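In what follows, chains are A, B, ... by sequence order, proteins preceding strands, each numbered from 1. Side chains included, hydrogens not; waters and symmetry mates left out as well; all remaining heavy atoms used. Not measured: the values here are computed from a predicted model.
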Amino acid sequence: MQGQSQQQAYDRGITIFSPDGRLYQVEYAREAVKRGTASVGLRTPDGVVLAANRQVSSPLMERSSVEKIHKADEHIGVASAGHVADARQLVDLARRRAQGEQLRYGQEVGVETLTRSITDHIQEYTQTGGARPFGVALLVGGIDEGEPKLFETDPSGTDYEWKAAAIGGDRDTIQGYLEDHYREDLDVDGGIELAVSALSEPEEEVVDAEAVDVATITTDDESFHSVEESRLESILAEIDTEETDE
Amino acid sequence: MQGQSQQQAYDRGITIFSPDGRLYQVEYAREAVKRGTASVGLRTPDGVVLAANRQVSSPLMERSSVEKIHKADEHIGVASAGHVADARQLVDLARRRAQGEQLRYGQEVGVETLTRSITDHIQEYTQTGGARPFGVALLVGGIDEGEPKLFETDPSGTDYEWKAAAIGGDRDTIQGYLEDHYREDLDVDGGIELAVSALSEPEEEVVDAEAVDVATITTDDESFHSVEESRLESILAEIDTEETDE
Amino acid sequence: MQGQSQQQAYDRGITIFSPDGRLYQVEYAREAVKRGTASVGLRTPDGVVLAANRQVSSPLMERSSVEKIHKADEHIGVASAGHVADARQLVDLARRRAQGEQLRYGQEVGVETLTRSITDHIQEYTQTGGARPFGVALLVGGIDEGEPKLFETDPSGTDYEWKAAAIGGDRDTIQGYLEDHYREDLDVDGGIELAVSALSEPEEEVVDAEAVDVATITTDDESFHSVEESRLESILAEIDTEETDE
Amino acid sequence: MQGQSQQQAYDRGITIFSPDGRLYQVEYAREAVKRGTASVGLRTPDGVVLAANRQVSSPLMERSSVEKIHKADEHIGVASAGHVADARQLVDLARRRAQGEQLRYGQEVGVETLTRSITDHIQEYTQTGGARPFGVALLVGGIDEGEPKLFETDPSGTDYEWKAAAIGGDRDTIQGYLEDHYREDLDVDGGIELAVSALSEPEEEVVDAEAVDVATITTDDESFHSVEESRLESILAEIDTEETDE
Amino acid sequence: MQGQSQQQAYDRGITIFSPDGRLYQVEYAREAVKRGTASVGLRTPDGVVLAANRQVSSPLMERSSVEKIHKADEHIGVASAGHVADARQLVDLARRRAQGEQLRYGQEVGVETLTRSITDHIQEYTQTGGARPFGVALLVGGIDEGEPKLFETDPSGTDYEWKAAAIGGDRDTIQGYLEDHYREDLDVDGGIELAVSALSEPEEEVVDAEAVDVATITTDDESFHSVEESRLESILAEIDTEETDE
Amino acid sequence: MQGQSQQQAYDRGITIFSPDGRLYQVEYAREAVKRGTASVGLRTPDGVVLAANRQVSSPLMERSSVEKIHKADEHIGVASAGHVADARQLVDLARRRAQGEQLRYGQEVGVETLTRSITDHIQEYTQTGGARPFGVALLVGGIDEGEPKLFETDPSGTDYEWKAAAIGGDRDTIQGYLEDHYREDLDVDGGIELAVSALSEPEEEVVDAEAVDVATITTDDESFHSVEESRLESILAEIDTEETDE
Amino acid sequence: MQGQSQQQAYDRGITIFSPDGRLYQVEYAREAVKRGTASVGLRTPDGVVLAANRQVSSPLMERSSVEKIHKADEHIGVASAGHVADARQLVDLARRRAQGEQLRYGQEVGVETLTRSITDHIQEYTQTGGARPFGVALLVGGIDEGEPKLFETDPSGTDYEWKAAAIGGDRDTIQGYLEDHYREDLDVDGGIELAVSALSEPEEEVVDAEAVDVATITTDDESFHSVEESRLESILAEIDTEETDE
């Protein structure tokens with residue numbers, strides 16, 4: 001009873017501290033992230049892999065319109081989980097910042113720099129009144145001076161660097177799978193396989209090639225590429241075989 | 001009891017997160033959409049069909065004034081469901097954006113670009129304080145570089161791409177009918193028939209030609225056309241026959 | 001009990017959605033309209049008739065100061081119901097817009113264009129915080145390119161086109177009377193008679209000539225004219241006769 | 001119980017609608033008017049009479065400082081009832097508008113035009129947040145193109161035209177007296193007598209000449225004049241005689 | 001119980017009307033005035049007298065720093081009661097206005113004009129949101145074209161003209177004493193004696209010369225003068241004698 | 001119970017009046033002052049003494065960083081009690097004002113002028129919404145045209161002039177000690193002794209030289225000087241002796 | 001019960017005073033600091049040592065991305081505890097200020113000056129409405145004119161100078177350890193050992209070299225240096241040995 005009425009108090013106003021030092025609106029925004037389908041990102045010596053579930057609520061919906069993975073710059077991709085419209089705002093922000101860097105300095109924005117610029121924007125919405133936090137988490141992956149890099153942004157405006165990370169619904173299960181199976185010597189192809197396997201873990205069956213969106217940014221051409229469905233199908237087939245083998 | 005008082009808490013302020021990560025004001029705006037009469041849109045290889053119920057509360061009201069389908073640009077139409085005055089604001093926004101694109105770049109705005117510009121506007125009203133979300137959903141259909149395209153905007157500011165979609169009251173029933181009867185090889189005429197049949201489904205009788213507003217944008221002239229009542233009548237007659245046949 | 005406390009919640013803040021998708025402040029503004037005395041408008045092939053009850057609270061009050069029918073432009077009249085001071089604001093807005101059109105484009109504003117400009121203004125007051133909706137409904141009648149036109153604006157910012165419509169107190173009774181007695185082939189004189197009869201319906205006796213304000217905009221000179229009391233008296237006499245006849 | 005808690009809800013925020021379509025803050029402002037002492041205005045063929053009670057709370061207070069009747073322009077007077085400081089704001093506004101008209105157009109402002117300009121200002125304070133309504137009613141009297149005119153402004157921003165009207169405390173009693181005794185053929189002298197008699201009605205004894213403030217604007221010189229105490233005394237003596245006669 | 005909870009409702013927001021037409025925040029500001037020590041002002045044919053109690057909370061406090069009587073302009077003094085810091089704001093305002101008048105028009109500001117300029121400022125704080133009313137009353141005294149004048153400003157923004165008036169704590173007792181003892185033919189010396197006697201009334205013993213601050217503005221030099229302690233002492237001695245005589 | 005809920009009402013909004021005319025937020029800010037350690041100021045014919053307790057919460061904290069006594073201008077010092085960060089804002093304000101005076105007029109700001117400029121700033125925060133009052137009291141001491149002067153500012157924005165005053169925790173005890181022991185003929189050395197003795201009073205033992213911060217502004221060089229620890233130690237030794245003697 | 005409901009009252013609005021003179025939002029922000037892992041800073045004659053725990057929630061997270069110690073300027077480092085995104089804002093502010101000083105004055109900013117500039121910013125967020133306080137504490141260390149200096153900033157905007165200080169979770173335990181073991185004659189190497197020992201205290205086992213982030217700013221080159229993991233390992237080995245010895 002006490003817990004409930006206390007909690008309500010924090011819901012009414014802007015993003016303020018609770019007596020135990022938490023920002024409830026930020027924690028609720030984290031719940032909004034969990035309500036979204038999962039996305040996964042991982043880093044290999046030769047690139048970054050981003051993968052996302054894309055579920056459609058009707059067979060008549062175009063799967064391609066469920067955008068979970070976005071190209072932010074030539075060499076940077078972003079995977080999102082949570083409130084879709086919020087994600088679009090942050091991706092648009094990332095694109096504008098990347099273009100601005102190109103225009104002002106004639107060079108590509110760094111992955112970490114771009115991530116910071118996003119999390120600064122997110123933080124501002126948790127401190128200044130009259131607006132709610134962003135209900136979205138992002139995985140920002142790309143190549144920084146030849147090095148594959150992967151960052152996460154959370155609704156508090158914190159950023160973390162990862163070797164491999166999951167965001168969104170079933171995060172714990174998928175992250176556990178990543179911790180068990182990630183190896184530093186994976187290449188991008190192995191990374192794609194791991195990412196898709198991880199996304200398949202919660203349902204305990206391999207996802208369809210069309211239900212997953214995968215992109216890579218590799219060190220060779222430092223460019224964002226969507227992974228074609230045919231390539232995904234052959235990888236998924238392989239997973240199936242392995243699982244049957246186990 | 002708990003549910004109710006908790007819910008009230010979210011109603012008082014601006015659009016903020018609930019403990020389970022939802023934006024109640026946005027969900028209530030979705031209810032406003034459901035209170036409106038239904039609209040349907042679908043895509044065929046040769047065009048896009050938009051259709052809407054237009055009910056009048058009195059025989060003295062001019063049906064033509066119940067505008068549910070709007071021309072946004074020469075090659076783009078918009079069907080709406082929900083709060084009528086809100087819809088008009090978004091349609092006006094769409095028209096200004098389309099004109100602006102024409103003026104600035106001397107070319108027609110893309111259907112997806114225009115949809116994004118609308119959903120960005122909608123999203124803003126869900127995050128910044130001092131305003132309520134838009135209580136309306138739209139179907140935006142048109143021709144993009146020769147390809148028929150159909151998008152939906154929802155009150156959260158999310159956009160979806162569809163082959164065929166329903167918005168507004170009885171959405172579930174109508175969408176179910178579309179899922180059962182939509183075929184990729186329908187032409188625009190078949191699409192009109194399907195759209196009107198779908199709108200007729202909840203009442204289980206074929207709607208009157210005058211009670212339905214239909215428009216098409218076809219690939220041949222890439223122009224928005226309202227379907228005349230006479231053409232509708234002959235299509236409806238056909239539906240009647242078919243239904244009798246079944 | 002639940003209903004009441006829930007309702008209170010929506011009263012406190014700005015115009016926001018209720019869980020069932022309604023805007024309470026807008027619905028309450030509709031109640032403000034019902035608190036006003038009725039106005040009636042109707043369209044005939046040769047013009048538009050606007051009529052309004054004007055009740056005075058004391059015999060010493062000048063009836064002419066109870067302005068319910070206003071000239072908005074040379075060829076457009078407005079009848080109002082509801083909060084009097086709010087109505088004046090909207091009529092003033094209409095006049096400024098009509099003048100602006102004349103100044104900028106050297107031509108008369110269309111009836112529909114002017115109505116939209118009013119309803120856009122009304123809608124804004126239902127979405128942006130810090131202000132209440134307008135507690136008034138209007139009937140906007142005039143001649144558009146030779147055609148008589150009649151529109152209604154409601155407190156949500158929606159506009160409807162009518163052949164004949166009532167707003168304000170006893171709307172349902174009066175509208176029912178209009179539905180029963182309106183004929184497409186009425187001329188303006190017949191329209192005046194019908195309008196006054198309809199206004200007389202709730203009290204079940206013919207109103208006094210001085211207690212009703214009637215204006216016409218006819219296709220011949222496309223100008224707003226107040227109907228003189230003498231002409232009204234002869235029409236009312238006729239009604240009395242007819243009623244006695246029935 | 002229900003009524004009370006509901007009422008409280010409307011008191012907390014800005015001026016918003018109640019479920020039955022009323023603006024409580026405006027109705028409370030009307031109560032503020034009733035808390036003030038009464039003022040009376042009336043129109044005769046040869047001029048306008050304004051009269052007001054001026055009560056002092058101590059014999060040491062200068063009666064002349066209880067200003068209830070104000071000269072707004074050479075040919076326009078204003079009598080007020082209600083919140084004194086609010087009245088001063090509106091009278092100052094009226095004076096500035098009258099001067100502005102003189103400066104811009106080189107002519108005197110019309111009585112109705114000036115009244116409208118006051119009620120527009122009042123209405124604004126009932127719709128826009130962050131301010132309360134004006135707790136004052138005014139009687140605005142003067143000569144418009146040779147014609148005596150009398151208007152009332154109320155806290156909602158509505159204006160009414162009157163032959164004779166009372167505002168403030170005991171309004172109903174005084175207005176009733178006016179309705180019983182007003183005659184169209186009264187001259188200004190008779191009007192002064194009627195106004196003072198009406199003000200004397202609630203207490204059932206004739207007020208003192210010094211306790212009443214009377215002004216006239218007559219058609220002959222179209223100028224505002226305060227009525228001197230000596231003239232008032234002789235009029236009051238006459239009233240006394242008449243009353244004794246009855 | 002009802003009264004209390006209703007009252008609370010008005011405390012929460014800005015200065016708004018109560019159901020009976022009162023502005024609670026203004027009435028509470030009047031309570032703030034009563035919490036201050038009293039000030040007295042009175043007018044004689046040859047000048048104005050302002051007097052104030054100045055109590056100190058410790059013998060180490062400089063009495064001179066308890067400023068209750070202020071010189072606003074060469075010929076105008078102000079006595080205050082209530083919230084000290086608020087009084088300083090209003091006195092500063094008065095000084096700036098007086099100087100502005102001098103600079104712009106090369107003449108001294110009138111006492112009434114200056115008072116109005118203060119009460120206009122006070123009124124604004126009772127109507128516009130986001131600020132509380134001033135918790136202070138002032139007595140503004142001076143010479144207007146050779147005539148001694150005395151005005152009071154109250155927290156609602158109303159001004160009153162007085163022959164003799166008290167503000168602050170024990171106002172009623174002191175005002176009663178003034179009403180009993182004020183005579184039109186008093187000269188300034190008699191006025192000082194009366195003012196100090198009145199201030200002494202609530203405690204029923206003559207105040208110390210050092211505990212009272214007295215200033216005069218006389219018609220001869222039209223200048224503000226503080227009354228020296230020696231002069232006060234001889235006056236107080238006289239009062240003592242008289243009281244003993246009675 | 002009643003008291004508590006009433007009190008809560010005032011806590012919620014901005015700084016507003018309570019029914020008995022108090023500003024609760026200002027009174028709570030006074031409590032914030034009492035939570036701070038005490039400061040003392042006193043005036044002698046040859047200067048001003050400011051003294052403050054500086055307690056540290058850990059032996060590793062630098063005592064010098066507990067700044068309670070600040071140099072505001074060459075000839076003015078400020079001692080503070082209460083919310084430390086708020087004090088710093090006011091001291092910074094004082095410094096900027098002092099510098100501005102120097103720059104604009106080429107002369108040193110007066111002690112009273114500077115104090116007023118601080119209290120005006122404090123008052124503003126008690127009247128305008130959207131900010132809380134300052135939770136700090138200051139003692140402002142310095143030389144005005146050769147005269148030692150000492151002022152206090154309190155959270156309401158009132159200023160007082162003192163011969164000797166204490167602010168902060170245990171104010172009453174320390175002020176009582178000052179009242180008992182202050183003599184007009186003390187010199188600065190005696191003043192330091194008295195100030196430190198007063199600060200020692202609540203704990204009933206002489207404070208350590210390092211735990212007290214003392215500064216003087218003397219008439220000879222009109223400059224702010226911190227009193228060195230060695231000088232303090234010899235003074236404290238003397239106090240000890242005296243106390244033993246008593 | 002009373003305590004709880006009272007507390008809620010303060011949570012709803014902006015940062016305001018409680019009846020006992022505390023700022024709850026500031027105190028809750030202090031709880032946010034305690035929720036963070038600890039950081040330690042200490043000063044030796046030859047430099048400043050900053051050390052922080054960096055815990056990762058998954059083995060796949062890059063420890064280096066858990067930034068607790070930041071270079072603010074060439075000669076100044078900052079260690080943080082609490083809300084990570086808030087800390088980043090303050091560190092960015094510090095960097096901009098340091099750069100600004102360099103640009104404007106061509107010299108390095110002082111450690112105390114920089115700290116003040118941060119705490120002024122923090123204070124502003126505790127007084128002005130519409131924003132919450134910063135939920136972070138910082139230790140700012142560097143070389144000021146050859147002297148090692150260490151400051152703490154807390155969420156109220158207060159700054160303290162320290163010889164050795166801990167912030168964040170387990171602050172009391174770690175500060176106690178520092179008080180027991182800090183010696184004025186420690187050199188930087190001894191300081192590193194002490195800092196890491198102190199951080200190890202709450203868990204009662206020596207932390208891993210990779211789980212601690214240590215930086216020094218020494219008087220010889222006045223530059224910020226991160227301490228390499230190898231050097232940390234040898235120091236930690238030494239601690240282990242000592243502890244075993246004890």
Side-chain angles (χ1 to χ4, degrees), chain B residues 1 3-16 23-36 54 56-67 81-93 125-126 128-137 155 168-169, chain C residues 1-2 5-26 41-43 112 115-116 119-120 122-131 133 149-166 171-172 175-176 178-180 182 184:
Chain B
M1 181 59 196
Q4 183 209 329
S5 65
Q6 195 153 299
Q7 190 174 288
Q8 285 183 21
Y10 301 103
D11 302 337
R12 275 168 214 163
I14 53 168
T15 305
I16 52 173
L23 294 167
Y24 273 124
Q25 272 296 303
V26 168
E27 310 226 346
Y28 298 169
R30 287 195 178 115
E31 293 301 314
V33 173
K34 286 190 196 153
R35 296 176 73 87
R54 43 180 177 190
V56 289
S57 58
S58 157
L60 295 175
M61 189 183 280
E62 287 286 344
R63 247 179 227 282
S64 65
S65 79
V66 183
E67 279 195 283
H83 196 66
V84 176
D86 285 13
R88 206 176 57 241
Q89 300 311 309
L90 293 180
V91 170
D92 284 351
L93 175 89
Y125 277 75
T126 73
T128 316
R132 59 167 176 83
F134 283 91
V136 72
Chain C
M1 180 58 197
Q2 176 179 335
S5 65
Q6 195 153 298
Q7 190 173 289
Q8 286 183 21
Y10 301 104
D11 302 336
R12 275 168 214 162
I14 53 168
T15 305
I16 52 173
F17 287 106
S18 68
D20 59 346
R22 298 159 75 200
L23 294 167
Y24 273 124
Q25 272 297 303
V26 168
L42 55 84
R43 205 178 69 188
E112 184 162 11
T115 303
R116 284 283 160 85
T119 49
D120 282 349
I122 294 173
Q123 191 273 348
E124 204 179 323
Y125 278 75
T126 72
Q127 188 165 30
T128 316
K149 291 277 184 184
L150 177 69
F151 293 93
E152 178 199 355
T153 74
D154 92 335
S156 77
T158 306
D159 52 286
Y160 306 97
E161 189 177 358
W162 292 93
K163 286 169 184 148
R171 177 195 184 132
D172 292 346
Q175 187 72 28
L178 289 174
E179 289 175 13
D180 291 346
Y182 180 82
E184 302 264 350

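The choice from C/R22, C/Q175, C/E161 that makes the most heavy-atom pairs within less than 4.5 Å of chain B is C/E161. For chain C, the option among B/K34, B/R30, B/M61, B/E27 with the highest count of heavy-atom pairs below 4.5 Å is B/M61.
Within the 4.5 Å cutoff, the side chain of B/E62 has no heavy atoms near those of the C/L150 side chain. Considering only heavy atoms from C-beta on, C/Y182 stays 4.5 Å or farther from B/P59 through its side chain.
Across all their heavy atoms, B/Q89 and C/D120 have their closest contact at NE2-OD1, 3.1 Å. When every heavy atom of C/G21 is checked against every heavy atom of B/A32, the shortest pair comes out as O-CB, 3.3 Å. Here the closest non-hydrogen pair linking B/A85 and C/S156 is CB-O, 3.2 Å.
Residue C/I122 does not touch chain B at all, counting heavy-atom pairs closer than 4.5 Å. Residue C/Y160 touches chain B through both its backbone and its side chain, counting heavy-atom pairs closer than 4.5 Å. Contacts between B/D92 and chain C at a heavy-atom distance below 4.5 Å involve the side chain alone, from C-beta outward. Looking at B/E67, only its side chain comes within 4.5 Å of chain C, counting heavy atoms on both sides. Both the backbone and the side chain of C/A164 come within less than 4.5 Å of a heavy atom in chain B.
No donor-acceptor distance shorter than 3.5 angstrom exists from the side chain of C/E179 to the backbone of B/L60, with no hydrogens or angles considered.
Contacts of C/D159 classified as salt bridge (charged side-chain N to carboxylate O under 4.0 Å, His left out), with partners at least two apart in sequence or in another chain: B/R88, C/R116.
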* To do: Just do the side chain to side chain contact (heavy atoms under 4.5 Å, CB included) check on C/Q127 and B/H83 with the steps written out, would you?
  => CA-CA 11 Å; C/Q127 188 165 30; B/H83 196 66; over 6 Å; no
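Rounding to the nearest 0.5 angstrom, the gap separating the CZ atom in C/F17 from the CZ atom in B/R132 is 4.5 Å.
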